[in-house]
4 protein chains.
Amino acid sequence: MLDNSTDFKEQMVEARRTQILMGAAQVFADKGFHKATTKEIARKAGVSEGTIYNYFSNKRELLLAMVQMIATQTLRGSFFNNPPDDPKEFLLLLVRDRYRLVDQYGHIFAPLLAEVFSDDELREAVYQSIVMPIAQVVEQYIQKYIELGKFRQVNPVIVTRALIGSMALNTAMKLALVDNRYETISSDDMTEQIVELILDGVLK
Amino acid sequence: MLDNSTDFKEQMVEARRTQILMGAAQVFADKGFHKATTKEIARKAGVSEGTIYNYFSNKRELLLAMVQMIATQTLRGSFFNNPPDDPKEFLLLLVRDRYRLVDQYGHIFAPLLAEVFSDDELREAVYQSIVMPIAQVVEQYIQKYIELGKFRQVNPVIVTRALIGSMALNTAMKLALVDNRYETISSDDMTEQIVELILDGVLK
Amino acid sequence: MLDNSTDFKEQMVEARRTQILMGAAQVFADKGFHKATTKEIARKAGVSEGTIYNYFSNKRELLLAMVQMIATQTLRGSFFNNPPDDPKEFLLLLVRDRYRLVDQYGHIFAPLLAEVFSDDELREAVYQSIVMPIAQVVEQYIQKYIELGKFRQVNPVIVTRALIGSMALNTAMKLALVDNRYETISSDDMTEQIVELILDGVLK
Amino acid sequence: MLDNSTDFKEQMVEARRTQILMGAAQVFADKGFHKATTKEIARKAGVSEGTIYNYFSNKRELLLAMVQMIATQTLRGSFFNNPPDDPKEFLLLLVRDRYRLVDQYGHIFAPLLAEVFSDDELREAVYQSIVMPIAQVVEQYIQKYIELGKFRQVNPVIVTRALIGSMALNTAMKLALVDNRYETISSDDMTEQIVELILDGVLK
DNA sequence: TATGAATGAGATTTCATTCAT
DNA sequence: TATGAATGAAATCTCATTCAT
């Protein structure tokens, strides 16, 4: 078989996988993982139920595949190579970039996080593929600034999770529509306030 | 029927409900809500499956009842009436008290939070009964100190969720055993570092 | 719990198992094991599909249970203790007793034998529980008569299977209605002819 | 279209059918008819799933086609025309020839026989195409020798099935590896003992 | 009120067969 | 004619819930 024929096939397979994943993401978002039926996923994805199983070995694999899909949306290399010197600029760039990811894949995150509580393997995958990569960047940055004497002697691990947790809960509140005071808070304002809060907490 | 007879009966009913809830909590913690079977809950609770339905109308009600059970573990009135003047003392007392709650009911929180992502009513209940009461105390305290000129002009809503989110994610990391660096961090250290971080972020 | 209550419960369980097995036997006989659906088994047995699984862990267990049921229909102890001295009398008694079993459980044997070809565990069970016990009796009898000098020096293992195989294929022909010449052959005639055939083959 | 072109085409078709049947035979032997998937048959046969359906109308047809394939392996004409006069020679020649068939097609027989119990049409086909032709030869031979006064007044139908059943069960025992005493019995010994057994049973 | 056997709706998954390329 | 992706019917099995005792 010729190379471009193989390529073509691979592309078709990838396109089909994505098509199915998107359907699954919608249904998972609506119903949650357990109440989502393969029948409805198939309908939303525009394929038959059987076709799902030509591309994923079972329903749960759909969740794991979503983790991988999100994980590939990494930070641009430029960011890693030349992180801005100004801490505020650094954190704002980073946080806004990740916030955009949540905005884009928001409907995927919720069912994913829900299952993380009861699925050990999924939890590990989410942590290793999604949380760790970004957390490491922040930790190392903080560590460097502590050594430079610009930050207080804080624990970078804790502070990093504090930043992520602060963003996560506030974002969740915004998306969950459970507290209407969030309607008047813009994402940019929220992001900036949180970055400043944490930053002032670590600055000497 | 005499009053004390009614009381006795009510107590029996309450005791049975608790007995069942405790069984359910254990199984939910082990398996998650969906993979927990009523058969196993009954066994763990030491009752028959049928009996569960004499006290709860369905499996999901067990989750809602757990929210109420946790919600009753409110802060002591004394805390509300005479909150410590020193912000650090205030926040530490508060956070440690809540942390104790998580320690005690930790196995209930995970399955509860998992379902919060896909169950609107449960989400509302958790927010109103568990998050809001404590959040309000913090918000009002922050508001007061802003007005007193001791805190910067921050948004109390955001800062409060930042504090809660910081504690939540760090605690989750500790409990999830997914990052072994948390093994060397004591709860007290963690709590104090987070409180200081947020506090330094809001102090003028 | 009192003994007779336990007994009663055990009897109920046994009765239910038998009820389900009988339903399964009918459907297996009609359709064969694989084309038999649990839905139809349930209907024939007069229970719901779910009930089947309260008594058998899966569809295949129904087959194994049938083997056990047939296996319990052993030869009377008197037969073992005082086998008739006359070889012809001995073999006729034995063969007719077993033939009666086939007559009674005939509809169970067919699907059982069909699966024996592709299910190792079932094959082992059928051999150990059904074939071996009866085969051993015959083998030992033949062996004894060889030693007494009344039978030729034949291999008791082969001769025993020859007898069983002769009976089996002729019986199958009768039951399968595939050769109408069998319509005019009575079971008793057939049995006697086969016993005589084998016996004359071994007698000195 | 020219004759030899048609012939060539027919040969190609026949070759393809055989290729597919051989693949199917292997998988049927491994898994049994029902657990064999068309996907695996296609793989073993070295064709695609679709191609199977260009040569056979459905999976079951594969079984029927196997019956025909075995049926064509008939006894040599010479055997029919000049059967040996000596009964023992006659039976040994016949039985050994058929035993060779089982040896060669053994892996096909098991799944075939399994289905025979629940598939009326297949049963009829096996009986008419495989059992009957050989059985008739034996029956007529026996009949002739009875008339010649060399055999007792036995029923040729029963005796013939007794011979076939004796061979079948003993052979099955050997192949099924379920009774290790068969490991020390050679096929030739077994064949001869059975022929002698039956023959002594019918000889005057 | 407590029990637990019975229920049956419903979900996942398999796989023979079809059909566009 | 060959391919193999797509199909969707159908089957097994689970389990929350009911109800007779």
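All chains are named by letter (A, B, ...) in the order of the sequence lines, taking the proteins before the strands, and each is independently numbered beginning at 1.
- Within the 4.0 Å cut-off from OP1 or OP2 of F:dG8, not a single side-chain nitrogen or oxygen of A:S48 is found.
- One atom, NZ of A:K9, and another, P of F:dA6, lie 11 Å apart when rounded to the nearest Å.
- Classification of the B:F117-A:F117 ring pair by plane angle, with boundaries at 30° and 60°, yields tilted.
- Among the protein residues, D:Y55 comes within range of the sugar-phosphate backbone only, with heavy atoms under 4.0 Å from sugar or phosphate atoms but none that close to a base.
- If you check every strand for non-hydrogen atoms under 4.0 Å, C:T37 touches sugar and phosphate atoms only.
- In this structure, B:R43 does not pair ionically with B:E49, as no charged nitrogen and carboxylate oxygen lie closer than 4.0 Å.
- In this model, the phosphate group of F:dC15 is not approached by any side-chain N or O of B:T38 to a distance below 4.0 Å at OP1 or OP2.
- Rounded to whole Å, atom C1' of F:dA10 lies 14 Å from atom CD of C:E40.
- Ion pairing of C:E121 with C:R60 is present here, as a side-chain N (NZ or NE/NH1/NH2) and a carboxylate O approach within less than 4.0 Å.
- For E:dG10, the paired base is F:dC13 (Watson-Crick or G-U wobble, both distances below 3.5 Å).
- Nearest-nucleotide assignment on DNA chain F puts the 5′-proximal partner with A:I52, out of B:N58 and A:I52.
- Closest-nucleotide positions on DNA chain E for A:E49 and B:G50 were compared, and the one nearer the 5' end corresponds to B:G50.
- Residue whose closest nucleotide on DNA chain E sits further toward the 5' end, between C:T51 and A:K59: C:T51.
- The residue among B:R60 and A:M12 whose nearest nucleotide of DNA chain F lies closer to the 5′ end is A:M12.
- The NE2-P distance, from A:H34 to F:dT14, rounds to 17 Å in whole Å.
- Base pairing of F:dA20: its partner is E:dT3, meeting the Watson-Crick or G-U wobble criterion (both donor-acceptor distances under 3.5 Å).
- Note: NZ (A:K35) to P (E:dA9) measures 21 Å, nearest angstrom.
- A cation-pi arrangement is found for C:K59 relative to C:F33, the charged atom lying closer than 6.0 Å to the ring centre and inside a 45° cone about the ring normal.
- Put simply, OH on B:Y53 is 6 Å from P on F:dA16, counting in whole angstrom units.
- Atom CZ of C:F33 is separated from atom C1' of F:dT12 by 11 Å (rounded to the nearest Å).
- Within the 4.0 angstrom heavy-atom criterion, only backbone atoms of the sugar-phosphate kind lie near B:R16; the bases stay farther away.
- Protein atom CG of D:N54 is 13 Å distant from nucleotide atom P of E:dC19, rounded to whole Å.
- A distance-only check finds no donor-acceptor pair linking the side chain of C:K44 to the backbone of C:A25 [under 3.5 Å].
- Taking atom CD1 of residue A:I20 and atom P of nucleotide F:dA5, one finds them 12 Å apart after rounding to whole Å.
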